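Notes for the one structure printed next.
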Amino acid sequence: MKPAKPTASLPPTLPELSLPELEALMAELGQPRFRARQVNDWRNKGVCDPDRMRNLPAALRRALAERLVCEPLTLARRQVSRDGTRKYLFRLARGGMVESVLIPEASRATVCVSSQVGCVLDCPFCHTGTQNFETNLTAGEILAQVLAVKRDMAAEPLPTGMHGQLTHVVYMGMGEPLANERAVHASLERLLDANGLNISRRRITVSTSGLVPQIARLGARFPVNLAISLHAATDALRDRLVPVNRTWPLARLRQCLDDWPLGPQRHVTLEYVMLAGVNDREEDVAALARFVRPDRERVNLIQFNPWPGAPWRGSPREHMNAFAQALIDKGIRATVRRSRGDDIMAACGQLKAGASANAGEPATAEEEHRAHA
Ligand code: SF4
């Protein structure tokens with residue numbers, strides 16, 4: 001695991017403050033308490049620029065801008081796929097770039113957020129893993145992605161037939177969320193807070209490569225949906241594809257998943273990127289059948305999105321379907337994830353990498369995105 005740099009000394013951001021913290025700030029600034037509710041309402045709608053908070057006095061707008069980092073990130077590039085998927089590249093106010101994706105569907109709209117710039121882990125098939133790890137995001141920077149996407153949805157509504165409100169949040173962008181546990185927990189608090197974004201825990205998913213102690217702590221504190229980047233069901237292969245398996249092998253992961261607090265009608269998702277000739281063989285079906293608990297878990301087969309220089313090939317679609325059927329025949333719920341945003345390189349770290357390669361080119365709305373495979 002690459003070392004993480006501390007982020008403790010960063011100034012507070014508007015997106016991360018709770019209503020009581022906003023009330024305390026108003027008291028410090030000599031403002032009446034109701035101003036906190038007004039700021040909170042704007043912020044929850046995605047408006048973080050005090051100058052756009054029209055019902056606030058000018059002096060308070062100035063004071064907010066002085067006391068807080070109101071907008072911890074700004075949009076650097078936005079691309080829209082033919083299927084409506086929107087991919088965003090954000091520049092952090094303190095330097096560094098992160099990506100987020102909006103995945104619109106008829107019944108829901110999901111934002112996929114990043115938790116680190118780069119990733120502390122080194123999964124060799126993952127484009128983010130091949131990039132340098134730069135920093136952990138703060139809670140405010142994670143939440144700011146959600147708010148920026150809400151703002152974008154308000155400015156440019158999704159096409160007719162697609163859900164108009166942001167409904168789901170998934171931590172599947174750049175980075176290993178549970179290697180940035182403190183900030184991710186703090187961001188979950190704000191997402192779940194009835195005075196914050198008020199998103200049900202059933203609509204939030206945290207995806208991890210399998211950091212066992214952190215999974216246990218997440219389940220104890222925030223029993224949201226859990227997704228595991230499994231990608232292999234034997235230690236020999238998973239040691240190669242998901243190196244954190246060398247620290248937390250499958251037996252430890254198995255125990256941890258058995259202890260995960262599943263609600264009724266819920267399941268843990270086991271993500272499985274299909275690599276031709278590597279983890280898509282008959283013996284891999286057999287290994288999955290030994291590992292998976294069909295009453296608690298579902299396997300989600302994901303098409304590998306190749307990136308420049310990748311030494312891997314994705315399994316052909318027909319083979320993925322046959323692999324899914326072989327799992328179903330063994331009593332395992334298996335789905336092949338519908339690929340979104342293919343035309344805009346919608347996979348882990350690809351937007352950021354593309355932007356670096358094209359540094360200086362103007363962004364266009366019709367260019368290009370998604371992440372944590
Ligand atoms: S798959 Fe996830 S944990 Fe592994 S390197 Fe990529 S972003 Fe990090």
Side-chain angles (χ1 to χ4, degrees), residues 1-5 87 89-90 96-101 111-137 141-142 145 169-181 183-184 205-215 218 225-233 235 237-250 252-253 256 268-275 278-279 299-312 314 337 345-354 356 369-373:
M1 198 185 289
K2 302 160 197 155
K5 292 177 199 161
K87 181 174 178 177
L89 181 68
F90 293 112
M97 308 283 252
V98 291
E99 52 191 32
S100 316
V101 189
V111 61
C112 173
V113 295
S114 294
S115 55
Q116 299 182 314
V117 182
C119 183
V120 282
L121 303 183
D122 300 296
C123 306
F125 64 88
C126 167
H127 200 205
T128 298
T130 64
Q131 297 166 27
N132 286 338
F133 170 69
E134 292 177 34
T135 191
N136 279 328
L137 298 191
E141 289 163 341
I142 295 170
Q145 297 169 59
V169 178
V170 297
Y171 289 71
M172 292 188 182
M174 293 168 66
E176 162 54 66
L178 297 187
N180 184 13
E181 191 177 20
V184 165
T205 301
V206 173
S207 176
T208 173
S209 55
L211 302 181
V212 164
Q214 288 90 334
I215 294 171
L218 180 74
N225 297 312
L226 179 68
I228 302 290
S229 296
L230 188 67
H231 310 315
D235 281 324
L237 184 54
R238 197 161 190 269
D239 281 355
R240 264 178 69 207
L241 295 182
V242 189
V244 77
N245 194 71
R246 295 174 203 155
T247 308
W248 304 109
L250 286 166
R252 297 295 303 275
L253 182 61
C256 170
V268 171
T269 302
L270 304 176
E271 308 279 9
Y272 198 95
V273 167
M274 294 202 63
L275 303 167
V278 177
N279 64 353
V299 178
N300 192 17
L301 302 174
I302 304 166
Q303 193 161 34
F304 175 64
N305 279 317
W307 31 272
W312 317 86
R337 186 191 284 174
M345 279 179 86
C348 229
Q350 292 187 1
L351 176 55
K352 182 176 176 243
S356 314
H369 182 148
R370 193 190 89 213
H372 202 100

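What you are looking at is a predicted structure, and each value in this text was computed from that prediction instead of being measured. Note: hydrogens, waters and symmetry copies are ignored here, and every other heavy atom, side chains too, is used. Order of appearance sets the numbers: ligands from 1, and atoms from 1 within every ligand.
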Requested in this report: Quick one: sort the Phe125 and His231 rings into parallel, tilted or perpendicular, breaks at 30° and 60°.
Outcome: perpendicular

Query raised in the report: Would you say the side chains of Thr208 and Glu176 form a donor-acceptor pair under 3.5 Å?
Result: yes

Report summary line: Numbered in order shown, the ligand 1 atoms found under 4.0 Å of a heavy atom of Cys119 are 3 (S), 5 (S), 7 (S), 8 (Fe)

**Report entry** Whether Cys126 has an N, O or S atom under 2.8 Å from atom 4 (Fe) of ligand 1
**Finding:** no

**Report entry** Partner residues of Gln214 under the side chain to side chain donor-acceptor pair (under 3.5 Å) criterion, sequence neighbours left out
**Finding:** none

Report summary line: Atoms of ligand 1 under 4.0 Å from any heavy atom of Gly175, numbered from 1 in the order shown, are 7 (S)

Report task. Would you give the length of the straight line joining atom CG of Asn245 to atom CG of Asp239, rounded to the nearest 0.5 angstrom? Result -> 5.0 Å

